[in-house]
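This report refers to the structure that appears directly beneath it.
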Amino acid sequence: MEYAQLNPTETNIHRTPEEIKTGARAALDETMATVTEKSREAARYADRRVQEHPWTAVGVGFGAGVMFGALITLLARAK
C-alpha cells in the first residue's frame with residue numbers, strides 16, 4: 001500500500017499543484033538517474049563481453065540479422 005493510503009493527512013488533496021509537480025519531478029529525476037546508471041552498467045558489461053569474445057559477438061549479430069531478415073521476408077510474403 002502507498003504511504004498516502006496509510007496516512008490520510010498526507011494525501012494530494014492537501015497539497016498545492018506546485019508541491020505535487022515538485023514531488024513528481026523529483027521522483028522522475030530519481031528514476032531517470034537509476035535507469036541511466038543501470039543502462040550504462042549494461043553497456044559496459046556488453047562492451048567487456050564483446051572485447052573478450054569478438055567472434056561470438058559476430059556470430060550472434062549474424063544470427064540475429066538472419067532471423068530478422070527471415071521475419072521480414074515472411075511478413076512481406078503474407079500480404
### Query
CG/Leu75 to CG/Leu71 distance, rounded to the nearest 0.5 angstrom?
4.5 Å

#### Entry: Gap between atom CD1 of Ile72 and atom CZ of Arg77 - 0.5 Å precision
13.0 Å

Run the side-chain donor-acceptor check on residues 25-38: report pairs under 3.5 Å with partners two or more places apart or on a different chain.
{"residue": "Thr31", "atom": "OG1", "partner": "Ala27", "partner atom": "O", "Å": "2.9"}
{"residue": "Thr34", "atom": "OG1", "partner": "Glu30", "partner atom": "O", "Å": "3.0"}
{"residue": "Thr36", "atom": "OG1", "partner": "Met32", "partner atom": "O", "Å": "2.7"}
{"residue": "Glu37", "atom": "OE2", "partner": "Arg44", "partner atom": "NH2", "Å": "3.3"}

### Summary
Apart from Val50 itself, its cluster of hydrophobic side chains linked below 4.5 Å comprises none

### Query
Passes salt bridge (charged side-chain N to carboxylate O under 4.0 Å, His left out), Lys21 versus Glu18? Steps please.
CA-CA 5 Å; Lys21 179 182 168 187; Glu18 291 80 23; over 6 Å; no

